[in-house]
Number of protein chains: 2
Amino acid sequence: MIRRGKRTGYEIKQLVDVSVRFFWAASYGQIYPELRRLEEQGLIEGEPTEAADGRQRRPYRLTPAGEEALDRWLLSPAQTGFELRDEGMLKLFFSDGMSPEERVALVARMRTRHEEVSTHLRSIEPVARETGGGPYATLRYGLAFHDFCASWLAGLETELEEELAGRS
Amino acid sequence: MIRRGKRTGYEIKQLVDVSVRFFWAASYGQIYPELRRLEEQGLIEGEPTEAADGRQRRPYRLTPAGEEALDRWLLSPAQTGFELRDEGMLKLFFSDGMSPEERVALVARMRTRHEEVSTHLRSIEPVARETGGGPYATLRYGLAFHDFCASWLAGLETELEEELAGRS
DNA sequence: CTTTGCATGTAAACCGTTACATGATTTT
DNA sequence: AAAATCATGTAACGGTTTACATGCAAAG
């Protein structure tokens, strides 16, 4: 984020919340201590707190060592971490004791959630399109991803409703 | 898992690793202390350590309070947690400094990962089909999910390769 | 003049993984 | 006899969230 020009902890948090948060969230409790650690490691450098414009803010910039470390990470072919935690899926897995109606309701809730994210991402789309590059690719991926989940769950819903109708 | 008949910490871990682990992983470091906590709360009861069959094992079963608590969770309409951590996506987001070749390689690695999970899930499919119900629904979902990711990324790869060819 | 937003940060709690320790049994 | 598997567990570490504390500036 610092390389992209967002330079204070606050700005980083802002940008994270409208961009990467759907696949990599972050909180102030992580960001500020991490900035300090990165500075101790010589990867970033903080300019002295500016109060000139009235507001106190502490912008950071990458050191050459920081640029290098960032590139090393970007190019590292190591198995990239992928982790999903989906409570709805857990409930679905253990849903055998539920009534068919309850199961349909659960799947509907899961679908709605994905639809909401999709709607939100769609509203950002025009802005991201102009940026292009990595950020736009990830946004399109996120959009396609949540649309897929929503429509798959809609299909499961229909399936469960038909079972329900067939038995009554 | 206990309700489903897996009753010792070891058995629970085994089952988690072949079922829910793709959307909800767990380690011994979580499972054994959690069993103790659940027992303190009166939601499960451990039978005395059996050494009868030679092997020491401590099976648990749900108490009535535990059954109730489990049902309350299953039916709770509260917003279900959904969290994704995808390091590949992060790299893609920040990939603007990469060469086109490097970017293609990154996307290919991400695709391969999803293909591997898909292959693995497909090998379990026949077993899960007979079980049916919740577990089979989640397996089908997981399979469709990873297939979707793999094919979307394959599309992005093609797109990036065409750009590459167009520029050379 | 009150609320919202900018801006920085910390402490406690919580969650989870990794690595280790132990020992019996079954398989090779 | 060695290696793998069954089986239970803990300690240290690391990552993350939540809630709090502080204070100034801009907008209503």
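By convention in this document, chain letters (A, B, ...) are assigned in the order of the sequence lines, proteins followed by strands, and residues within each chain are numbered from 1. Please read these numbers as outputs of a predicted model, since none were measured by experiment.
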For dT8(C), does either OP1 or OP2 sit under 4.0 Å from a side-chain N or O belonging to Y10(A)? no
Rounded distance (Å) that lies between atom C1' of dA19(D) and atom CD of Q30(A): 15 Å
Rounded to the nearest Å, what distance is computed from the CD1 atom of residue I12(B) to the C1' atom of nucleotide dG9(D)? 14 Å
side-chain N/O R85(A) vs dC15(C) OP1/OP2, d < 4.0 Å: no
At what distance, to the nearest 0.5 angstrom, does CD of E83(A) lie from CH2 of W24(B)? 10.5 Å
Is it possible for you to check whether R36(A) lies under 6.0 Å from the centre of the six-membered ring of Y32(A), through NZ or CZ, and within 45° of that ring's axis? no
Give the rounded distance in Å between these two atoms: CD1 of I31(B) and C1' of dT10(D). 15 Å
Atom OH of Y32(A) and atom C1' of dT10(C): how far apart are they, to the nearest Å? 12 Å
Distance check needed: dT5(D) C1' versus R57(B) CZ, whole Å only. 14 Å
Of H114(A), R122(A), E116(A), the residue whose pairing with S118(A) passes side chain to side chain donor-acceptor pair (under 3.5 Å): R122(A)
Say you draw a straight line from CD1 of I44(A) to OG1 of T63(A); how long is it, rounded to the nearest 0.5 Å? 8.5 Å
Set of side chain to side chain contact (heavy atoms under 4.5 Å, CB included) partners for E68(B), sequence neighbours left out: R72(B)
How sharply is the helix from dC1(C)-dG28(D) to dT28(C)-dA1(D) bent, taking the axes over five pairs at either end and rounding to 10 degrees? 30°
I want to know whether W152(A) and Y141(B) have ring centres closer than 6.0 Å. yes
By nearest-heavy-atom nucleotide on DNA chain D, the more 5' of G29(B) and G29(A) is G29(B)
Is there a side-chain contact between T8(B) and the phosphate of dT8(D), meaning an N or O under 4.0 Å from OP1 or OP2? yes
Below 4.0 angstrom from OP1 or OP2 of dT8(D), is there any side-chain N or O of R58(B)? no
Residue pair D96(A) / P135(B): nearest heavy atoms and the distance that separates them: OD2-CD, 3.8 Å
When rounded to whole Å, the CZ to P distance for the pair R7(A) and dA7(C) reads 12 Å
Proximal nucleotide (of dT8(D), dT10(C), dT10(D)) relative to the P33(A) side chain: dT10(C)
Any side-chain N or O of R36(B) less than 4.0 Å from the OP1 or OP2 oxygen of dT8(D)? no
Rounded distance (Å) that lies between atom P of dT10(C) and atom NZ of K13(A): 17 Å
What is the separation between atom CG on D17(A) and atom C1' on dC6(C), rounded to the nearest whole Å? 14 Å
Pick the nucleotide of DNA chain D nearest each of Y28(A) and G9(B); which residue has the one closer to the 5' end? G9(B)
